[in-house]
**Student:** 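My questions will all concern the structure given below.
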Amino acid sequence: MTTYRGRRQGERDTVLVTSGTGKTGRRVVERLTALGTTVRSGSRGGDVPFDWQDESGWAPALRGADAAYIAYHPDLAAPGAPEAMASFGRIAAESGVRRLVLLSGRGEPQAVVAEEALRKEAAGAELTVLRSAFFAQNFSEGALFDAVRAGELVFPAGTAAEPFVDADDLADVAVAALAGTIATGVVHELTGPVSLTFEEVAAELTGATERTVRYVPVTGPQYAAALEGHGVPAGEAAFLADLFATLLDGHNSATADGVRRALGREPRGFGAFAREAAGRGVWDG
C-alpha cells in the first residue's frame with residue numbers, strides 16, 4: 001500500500017470508510033481490516049461518529065487519515081450532494097488526505113456534478129471514481145428485500161435491462177483502489193457480466209428460492225405513493241422514484257468491463273448471487 005506524508009515503509013495506512021455500516025461500506029471495512037489496515041468505520045452510532053447531515057463531525061473523522069472511501073447517502077444525484085462533496089473535499093484536503101475513492105452512480109448526470117465538486121475542492125488528493133450499476137444486494141439486504149419475501153417486485157423499471165453488479169465485486173475494486181494496486185485517479189465503470197430485465201430477475205429469484213417471485217411494473221408516481229405508504233417522506237419518495245425511473249430507462253443496459261480490468265477476473269453474475277443468498281437462507285421465514 002502506498003505511504004503518505006513521508007511515513008516510513010511498513011507503517012499502516014489509516015483509512016476512513018464513510019457509511020461504514022452500509023451495503024458497500026461494511027464490505028470495504030471487512031476487507032481493509034483483513035489486510036491489516038487501520039480502519040475508521042464512520043457511521044452515526046459507530047466508534048467514529050460520521051453523519052452526512054452533520055458536517056461538524058467530518059474533520060475529526062478525517063484528521064490523520066491517509067485515504068477515505070466515500071459512500072454518500074442517499075445518492076450523489078440527490079439535491080445537496082454537490083455541496084456536501086465540495087465541503088467534504090475541502091476538509092479532506094485541509095486534513096492532508098491524499099487518496100479518495102468515491103462510490104458514484106452509472107449513467108447519472110447529476111452524480112457527475114457531485115464528482116466534479118469533490119474533485120475541485122480536494123485538489124491535490126488523488127480521486128478514483130467507481131461508477132456502479134444497480135446492486136444485486138438491493139434484493140437481499142436493501143429496498144427490495146421485503147418485496148422478494150412477499151413474492152412481488154413492484155418497481156418502476158419497465159422492460160429495461162440492467163447489468164446488476166455484485167456489491168462484493170465493487171468492494172474488492174474499492175479496496176484495490178484504496179491500496180493503490182489498480183489504476184487510481186481514474187473512473188472505473190462497474191457492472192455485472194450480463195444485463196437482465198426485472199422480469200428475468202424475478203425468474204432467477206424464483207429458481208433460487210424455489211418459490212414464486214413475480215415482477216409488477218409500475219409508474220414512477222405509483223412507486224412514490226407506495227414508498228410513502230411505507231413511511232418514506234414524500235420528498236425522498238419522489239426523488240427515489242424519479243431516480244429509478246430515469247436510471248432504468250434502458251440507457252444503462254450495456255455491460256462494462258470495469259471489474260475484469262481492475263481485478264483480472266470476471267464479475268459474479270446475478271444468478272450466482274441469488275443462489276448463494278438463497279443457500280444462506282436470506283429470504284427464509
Side-chain angles (χ1 to χ4, degrees), residues 19 22-28 69-78 81 101-112 114-115 128-145 147-148 153 155-177 182-183 186-205 215 217 223 239-263 265-277:
S19 304
K23 192 178 288 93
T24 64
R26 171 172 54 83
R27 289 173 163 83
V28 171
Y69 173 69
I70 308 166
Y72 180 75
H73 180 80
D75 190 272
L76 278 189
V101 176
L102 173 66
L103 173 62
S104 187
R106 184 172 183 249
E108 295 184 42
Q110 290 304 310
V112 176
E115 292 172 16
T128 302
V129 178
L130 310 182
R131 290 184 185 157
S132 171
F134 202 92
F135 292 135
Q137 278 76 6
N138 286 335
F139 295 91
S140 62
E141 56 190 78
L144 292 170
F145 169 77
V148 177
L153 296 176
F155 211 70
T159 58
E162 170 72 10
F164 299 90
V165 69
D166 194 293
D168 287 315
D169 285 337
L170 182 137
D172 286 342
V173 177
V175 170
I182 61 172
V186 298
V187 174
H188 293 274
E189 191 171 353
L190 307 179
T191 75
V194 297
S195 296
L196 300 174
T197 66
F198 266 63
E199 186 171 356
E200 290 170 329
V201 163
E204 290 280 3
L205 291 168
Y215 170 50
Y223 185 68
F239 164 73
L240 290 173
D242 182 66
L243 176 67
F244 292 141
T246 299
L247 292 179
L248 297 168
D249 65 359
H251 78 278
N252 278 334
S253 293
T255 61
D257 63 355
V259 172
R260 179 176 57 79
R261 288 170 64 89
L263 303 177
R265 61 168 175 78
E266 293 302 318
R268 185 164 71 153
F270 189 89
F273 148 76
R275 290 188 295 274
E276 187 274 335

**Student:** Salt bridge (Lys or Arg N to Asp or Glu O under 4.0 Å) with Arg260: which residues, sequence neighbours excluded?
**Tutor:**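 For Arg260, the residues satisfying salt bridge (Lys or Arg N to Asp or Glu O under 4.0 Å) (neighbours in sequence not counted) are Asp257, Glu266.
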**Student:** Shortest non-hydrogen contact from Leu247 to Gly107?
**Tutor:** CD2-O, 3.8 Å
**Student:** Over 60° means perpendicular and under 30° means parallel, so tell me whether Phe139 and Phe198 are parallel, tilted or perpendicular.
**Tutor:** tilted
**Student:** Pair Leu130, Val173 - check side chain to side chain contact (heavy atoms under 4.5 Å, CB included), show working.
**Tutor:** CA-CA 8 Å; Leu130 310 182; Val173 177; 3.9 Å; yes
**Student:** Is the Phe135-Phe164 ring centre distance short of 6.0 angstrom?
**Tutor:** no
**Student:** Atom CG of Leu170 and atom CG of Leu103: how far apart are they, to the nearest 0.5 Å?
**Tutor:**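 Between Leu170 CG and Leu103 CG, I get 6.0 Å after rounding to 0.5 Å.
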**Student:** Hey, what do you get for OG (Ser132) to CD (Glu189), rounding to the nearest 0.5 Å?
**Tutor:** 10.0 Å
**Student:** Decide yes or no for Phe155 and Leu248: does some side-chain heavy atom of the first lie under 4.5 Å from some side-chain heavy atom of the second?
**Tutor:** yes
**Student:** Looking only at side chains, do Glu162 and Asn252 share a donor and an acceptor under 3.5 Å apart?
**Tutor:** no
**Student:** How long is the gap from CD on Gln110 to OG on Ser104, to the nearest 0.5 Å?
**Tutor:** 11.0 Å
**Student:** Could you go through Val112 and Val129, starting from their C-alpha distance and side-chain angles, then the distance that decides it, and tell me whether this counts as side chain to side chain contact (heavy atoms under 4.5 Å, CB included)?
**Tutor:** CA-CA 10 Å; Val112 176; Val129 178; over 6 Å; no
**Student:** Do Val259 and His188 touch side chain to side chain, with heavy atoms closer than 4.5 Å?
**Tutor:**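 Side-chain contact under 4.5 Å: no.
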**Student:** Using the test salt bridge (Lys or Arg N to Asp or Glu O under 4.0 Å), find all partners of Glu108 that sit at least two apart in sequence or belong to another chain.
**Tutor:** none
**Student:** Write out all pairs satisfying salt bridge (Lys or Arg N to Asp or Glu O under 4.0 Å) with one or both partners inside residues 190-205, taking only residues at least two apart or from two chains.
**Tutor:**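 Not a single pair qualifies under salt bridge (Lys or Arg N to Asp or Glu O under 4.0 Å).
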**Student:** How close do Ala161 and Ser253 get, heavy atom to heavy atom, and via which atoms?
**Tutor:** O-OG, 2.7 Å
**Student:** Give the minimum heavy-atom separation between Ala111 and Gly105, together with the two atoms involved.
**Tutor:** CB-N, 4.3 Å
**Student:** Could you work out, with ring pair (Phe, Tyr, Trp, His ring centres under 6.0 Å) as the rule, every residue matching Phe273, not counting sequence neighbours?
**Tutor:**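 Testing Phe273 for ring pair (Phe, Tyr, Trp, His ring centres under 6.0 Å), a comparison that skips the adjacent residues, returns Phe270.
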**Student:** Using modelled atom types and a 3.5 Å cut-off, is there a donor and acceptor pairing between side-chain atoms of Thr128 and backbone atoms of Val101?
**Tutor:** no
**Student:** Could I get the full list of ring pair (Phe, Tyr, Trp, His ring centres under 6.0 Å) partners for Phe239, not counting sequence neighbours?
**Tutor:** none
**Student:** If a pair satisfies salt bridge (Lys or Arg N to Asp or Glu O under 4.0 Å) and one of its residues is in residues 129-144, list it, with sequence neighbours excluded.
**Tutor:**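 Listed by first then second residue: Arg26-Glu141, Arg27-Glu141, Glu115-Arg131.
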**Student:** With sequence neighbours left out, which residue pairs that include part of residues 239-256 fulfil the salt bridge (Lys or Arg N to Asp or Glu O under 4.0 Å) condition?
**Tutor:** none
**Student:** For Val194, what residues pass the side chain to side chain contact (heavy atoms under 4.5 Å, CB included) criterion, not counting sequence neighbours?
**Tutor:** Leu196
**Student:** Give me the atom names and distance for the closest heavy-atom approach of Pro156 to Ala241.
**Tutor:**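 Minimum heavy-atom separation between Pro156 and Ala241: CG-O, 4.4 Å.
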**Student:** In chain order, what residues pass the side chain to side chain contact (heavy atoms under 4.5 Å, CB included) check against Pro163, with sequence neighbours excluded?
**Tutor:** Arg106, Ala133, Thr191, Ser195, Thr255
**Student:** Verify side chain to side chain contact (heavy atoms under 4.5 Å, CB included) between Arg261 and Ile182, making sure each step is shown before the conclusion.
**Tutor:** CA-CA 9 Å; Arg261 288 170 64 89; Ile182 61 172; over 6 Å; no
**Student:** Do Val175 and Val28 pass the side chain to side chain contact (heavy atoms under 4.5 Å, CB included) test, and can you show the C-alpha distance, the side-chain angles, and the key distance before you say yes or no?
**Tutor:** CA-CA 6 Å; Val175 170; Val28 171; 4.1 Å; yes
**Student:** Could you list the residues that satisfy side chain to side chain contact (heavy atoms under 4.5 Å, CB included) with Ala202, not counting sequence neighbours?
**Tutor:** Leu153, Val213, Tyr215
**Student:** List the residues meeting side-chain hydrogen bond (donor to acceptor under 3.5 Å, both in side chains) with Asp169, not counting sequence neighbours, and say none if there are none.
**Tutor:** Arg265
**Student:** Give me the atom names and distance for the closest heavy-atom approach of Ala77 to Leu243.
**Tutor:** CB-CD1, 4.2 Å
**Student:** Please enumerate all residues that pass side-chain hydrogen bond (donor to acceptor under 3.5 Å, both in side chains) together with Thr24, with sequence neighbours excluded.
**Tutor:**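 Partners of Thr24 by the side-chain hydrogen bond (donor to acceptor under 3.5 Å, both in side chains) criterion, ordered by chain and then number, come out as Tyr69.
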